[in-house]
Amino acid sequence: MEDTRPKASHSRKIASFASLAPGAVITFRWDNPPWDTVLQYTAYPLTRPGMTPGDATKAVIEVVRVRLCIERDGAGEETRYALVDVRNAGTEMCGFELFQSWLQPLPE
């Protein structure tokens, strides 16, 4: 059955990385993400630190894969987490900020 309740959109920065080499991929683990809802991860590029006026650069970052995981131990305890793979798709060193966005039903 479709959930037609009104929803509120939320977003928060969950990580910031100062540098990632061109072509490199980093996997970031985020514990206890919102569950049973629409969930999205977005990475915004940051130019390299120490740039001065007149410096030119191009930063290209992409989220290449998101995996939502559950682990259950022998006692029945569950751990839920997200693994987010982020890649520097450009040709220069750059950093990025990683955001998590989700929808949450409004209280009735």
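Keep in mind that this is a model prediction, so the values were computed, not measured. Below, all heavy atoms of this structure are taken into account, side chains as well, without hydrogens, waters or symmetry copies.
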Legend entry - Residues that, via side-chain heavy atoms closer than 4.5 angstrom, fall in one hydrophobic cluster with Val66: Ile14, Phe17, Leu20, Ile26, Phe28, Trp30, Trp35, Leu39, Tyr41, Ile61, Val63, Leu68, Ile70, Val84, Val86, Phe96, Leu98, Trp102
Legend entry - ILVMFWY clustering at 4.5 Å (side-chain atoms), partners of Phe99: Tyr44
Inset, instruction - Could you list the residues that satisfy side chain to side chain contact (heavy atoms under 4.5 Å, CB included) with Pro105, not counting sequence neighbours? - result: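 Here the qualifying residues are Asp3, Arg5, Lys7.
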Legend entry - Partner set under ring pair (Phe, Tyr, Trp, His ring centres under 6.0 Å) for Tyr81, not counting sequence neighbours: none
Legend entry - Arg67/Asp85 under side chain to side chain contact (heavy atoms under 4.5 Å, CB included): CA gap, chis, key distance, verdict: CA-CA 9 Å; Arg67 290 157 287 163; Asp85 295 345; 2.8 Å; yes
Inset, instruction - Mind checking the OG1-CZ spacing from Thr27 to Arg65? Nearest 0.5 Å is all I need. - result: 7.0 Å
Inset, instruction - With rounding to the nearest 0.5 Å, note down the distance linking OG in Ser11 to CD in Gln100. - result: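 Interatomic distance, Ser11 OG to Gln100 CD, rounded to 0.5 Å: 8.5 Å.
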Closest heavy-atom contact between [X] and [Y]?
X: Glu92; Y: Asn88; value: O-ND2, 2.9 Å
X: Pro22; Y: Gly90; value: CB-O, 3.5 Å
X: Arg80; Y: Pro33; value: O-CD, 3.7 Å

Inset, instruction - Quick one: which residue pairs count as a salt bridge (charged side-chain N to carboxylate O under 4.0 Å, His left out) with a foot in residues 31-43, not counting sequence neighbours? - result: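 Only Arg29-Asp31 qualify under salt bridge (charged side-chain N to carboxylate O under 4.0 Å, His left out).
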Legend entry - Sequence-distant partners of Arg12, side chain to side chain donor-acceptor pair (under 3.5 Å), two or more places apart: none
Inset, instruction - Decide yes or no on side chain to side chain contact (heavy atoms under 4.5 Å, CB included) for Leu46 and Glu97, but give the supporting numbers first. - result: CA-CA 7 Å; Leu46 301 172; Glu97 292 181 331; 3.8 Å; yes
